[in-house]
*Asks:* 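Got a structure for you, written out below as structure tokens; questions coming shortly.
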There are 2 protein chains.
Amino acid sequence: MDTTGEVGAFFKSAFSVDNVIFGFDGGDLKVLLIQRGQAPFKDKWALPGDLVYPNEDLNTAAERVLEQLTGLRGVYLEQVKTFGAVNRHPLGRVITVAYITLIKISNFTVTAASFAQSAKWHSIDQVGDLAFDHNEILESCLRRLKRKVRTAPIGFELLPPKFTLTELQQLYDSVLRLPKRLDKRNFRKKILSMNLLVECPEMQEGVAHRPAKLYQFDREKYGQFVNEGFVFDI
Amino acid sequence: MDTTGEVGAFFKSAFSVDNVIFGFDGGDLKVLLIQRGQAPFKDKWALPGDLVYPNEDLNTAAERVLEQLTGLRGVYLEQVKTFGAVNRHPLGRVITVAYITLIKISNFTVTAASFAQSAKWHSIDQVGDLAFDHNEILESCLRRLKRKVRTAPIGFELLPPKFTLTELQQLYDSVLRLPKRLDKRNFRKKILSMNLLVECPEMQEGVAHRPAKLYQFDREKYGQFVNEGFVFDI
DNA sequence: GGGATTGGTGTGTAAATGACAATAAGTTCT
DNA sequence: AGAACTTATTGTCATTTACACACCAATCCC
């Protein structure tokens with residue numbers, strides 16, 4: 001590639017991906033943040049991200065960042081928005097493509113990644129000042145999650161494969177943060193009427209009260225219903 | 001900026017913006033395409049777009065592309081998605097940020113832009129093979145428009161300031177392309193019940209039938225309602 | 001003045017939504 | 001075994017919303 005010709009001046013920029021990794025532990029919605037191991041913003045908390053390799057697709061880069069940090073593959077990933085303010089990166093012109101990732105929080109252990117000193121789950125409302133424009137990025141991704149969780153069955157990505165209806169509702173409550181919590185009865189009716197959940201034979205265990213039924217999300221059925229015009233909506 | 005150090009290898013890429021400019025002329029939804037004046041893909045139809053200047057924000061670049069082509073400023077602009085497949089651009093690694101623009105089609109005349117031989121409105125379903133991955137980009141933007149037009153009052157951006165309810169409905173019908181057209185009475189009831197339109201004193205003119213009332217969209221009221229929790233929804 | 005054309009309007013019915021509280025089924029403790 | 005506790009589970013009614021549907025009105029053109 002010619003980087004000296006008339007368009008050469010343009011080929012002096014880079015792009016990165018930043019990954020807003022959401023998890024849910026039964027209480028709060030959480031984000032996985034890293035503490036930066038190098039300048040700029042060394043020691044500051046930030047979204048996990050990295051420069052995109054010259055021969056790497058954007059999605060692939062986002063998957064790589066995730067895998068380096070958590071060891072996970074094949075999880076829900078969605079591009080959200082690109083941030084490109086001229087001075088957003090102190091070392092040069094770097095625009096960044098923000099992704100959302102949804103993972104089952106119990107499923108993984110953080111692997112120290114090259115770009116991170118340490119990584120830690122933060123409750124979504126205990127995120128302080130982040131490096132770069134990462135607070136803004138997080139806001140955008142949270143807004144997107146709030147919308148998307150109501151119009152696509154992605155909430156399940158945050159729960160273990162088998163879950164109770166109460167857990168599912170808690171998830172929605174903590175993502176949406178509506179002024180009033182969702183009504184338990186109406187929520188159950190709505191979810192069950194979609195016919196997307198299958199009852200498991202076994203029950204919740206290890207709780208000091210009446211155990212709840214466990215359910216699983218039926219991805220196949222959802223696919224069929226979508227083909228028939230079904231629209232997920234909560 | 002140091003482009004020779006260990007991160008230097010990354011600073012050899014560029015980014016562009018591509019602008020999906022939608023318009024509506026009473027019949028079809030239209031997109032403004034250009035015929036490329038230079039390689040690669042010389043003479044092919046493409047989305048108007050350009051490389052982003054090193055000291056230019058992404059939005060600014062999208063606005064510039066629009067202004068160079070149409071002379072318009074201050075119109076509706078929305079970032080949609082970023083396309084970054086490794087080989088999407090034959091001259092090097094160039095990722096592109098796609099934007100939607102909505103303009104009032106009667107409002108402008110195409111100005112030959114540096115990057116275009118000619119520009120022409122194309123009906124949305126008479127778009128042939130485009131340069132680069134522009135067909136894919138167009139698809140994404142069209143999907144976004146279809147969603148957004150139902151959840152935000154952006155349809156008005158495509159109509160002249162004063163319009164009839166029938167025109168508004170035709171707009172929705174041609175954007176959404178639902179299997180059945182929207183019901184006239186229900187559409188009117190719904191739109192009017194939102195209280196976002198003000199009746200103009202004058203009437204439609206020059207039509208060979210009963211003239212319709214003209215309406216205007218009241219942007220201020222919409223702002224107030226949103227603050228009170230109102231959600232636009234069609 | 002008659003015909004053609006599109007504008008404009010109301011009502012009844014079915015479906016979805018939202019508010020609401022009592023009972024049942026387990027667990028733990030004594 | 002029973003009492004106390006915790007959460008699971010379920011149904012009704014009132015309200016709102018969605019939808020289907022048909023006729024008269026205003027203007028133009030001849």
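So that the names make sense, note that chain A is the first sequence line, chain B the second, and so on, each numbered from 1.
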*Asks:* Is any side-chain heavy atom of A:Phe132 less than 4.5 Å from a side-chain heavy atom of A:His134?
*Replies:*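 In contact.
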*Asks:* Provide, to the nearest angstrom, the distance between the CG atom belonging to B:Leu192 and the P atom belonging to C:dG10.
*Replies:* 11 Å
*Asks:* Could you tell me whether B:Lys213 contacts a base, only the sugar-phosphate backbone, or nothing, with contacts defined as non-hydrogen atoms closer than 4.0 Å?
*Replies:* sugar-phosphate
*Asks:* Find which nucleotide of DNA chain C each of A:Pro211 and B:Gln204 is nearest to by heavy atoms, and output the residue with the more 5' nucleotide.
*Replies:*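 Taking each residue's closest nucleotide, the earlier one in sequence belongs to B:Gln204.
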*Asks:* Name the closest nucleotide to the A:Lys184 side chain, picking from D:dC19, D:dT9, C:dG26.
*Replies:* D:dT9
*Asks:* Measure CZ/B:Phe187 against C1'/D:dT17 and give the value in whole Å, please.
*Replies:* 17 Å
*Asks:* Let me know the distance between CD1 of B:Ile234 and C1' of D:dA18, rounded to the nearest Å.
*Replies:* 14 Å
*Asks:* What is the distance, to the nearest angstrom, from the NZ atom on A:Lys190 to the C1' atom on D:dG11?
*Replies:* 18 Å
*Asks:* Taking CZ from B:Arg181 and P from D:dA20, how many angstroms apart are they, rounded to a whole number?
*Replies:* 14 Å
*Asks:* Rounded to whole angstroms, how far apart are CD1 on A:Ile191 and P on D:dA8?
*Replies:* 15 Å
*Asks:* Taking the inter-plane angle between the rings of A:Phe156 and A:Phe217 on a 0 to 90° scale, is it parallel (under 30°), tilted (30 to 60°) or perpendicular (over 60°)?
*Replies:*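 Parallel, since the angle between the ring planes stays under 30°.
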*Asks:* Given C:dT9, D:dA18, C:dT27, identify the nucleotide with an atom nearest to the side chain of B:Arg188.
*Replies:*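 Nearest to the side chain of B:Arg188 among the choices is C:dT9.
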*Asks:* Expressed in angstrom and rounded to an integer, what is the separation of B:Leu214 atom CG from C:dG7 atom C1'?
*Replies:* 12 Å
*Asks:* Between A:His209 and A:Asn186, who's closer to the 5' end of DNA chain D by nearest nucleotide?
*Replies:* A:His209
*Asks:* Kindly point out which of D:dA8, C:dG18, D:dC19 is positioned nearest to the side chain of B:Lys189?
*Replies:*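 Of D:dA8, C:dG18, D:dC19, D:dC19 is nearest to the side chain of B:Lys189.
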*Asks:* Closer to the 5' end of DNA chain D via nearest nucleotide, is it B:Asp183 or B:Asp233?
*Replies:*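 Closest to the 5' end, via its nearest nucleotide, is B:Asp233.
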*Asks:* Taking B:Val80's backbone N and O only, do any of them form a donor-acceptor pair with B:Arg144's side chain (distance below 3.5 Å, no angle check)?
*Replies:* yes
*Asks:* Any chance the rings of A:Phe225 and A:Phe232 have centres within less than 6.0 Å?
*Replies:* no
*Asks:* Are the side chain of A:Gln79 and the backbone of A:Val97 linked by a donor-acceptor contact shorter than 3.5 Å?
*Replies:*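 Pair absent, no side-chain N/O of A:Gln79 close to backbone of A:Val97.
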*Asks:* Take atom CZ of A:Arg210 and atom P of C:dT28, then tell me their distance rounded to the nearest Å.
*Replies:*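 Nearest whole value for this atom pair: 16 Å.
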*Asks:* Can you find a donor-acceptor pair, distance only, under 3.5 Å between B:Arg185 side chain and D:dA20 base?
*Replies:* no
*Asks:* Within the structure, does a side-chain N or O atom of A:Thr166 lie under 4.0 Å from either OP1 or OP2 of D:dT7?
*Replies:*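 Indeed not, no polar side-chain atom of A:Thr166 lies that close.
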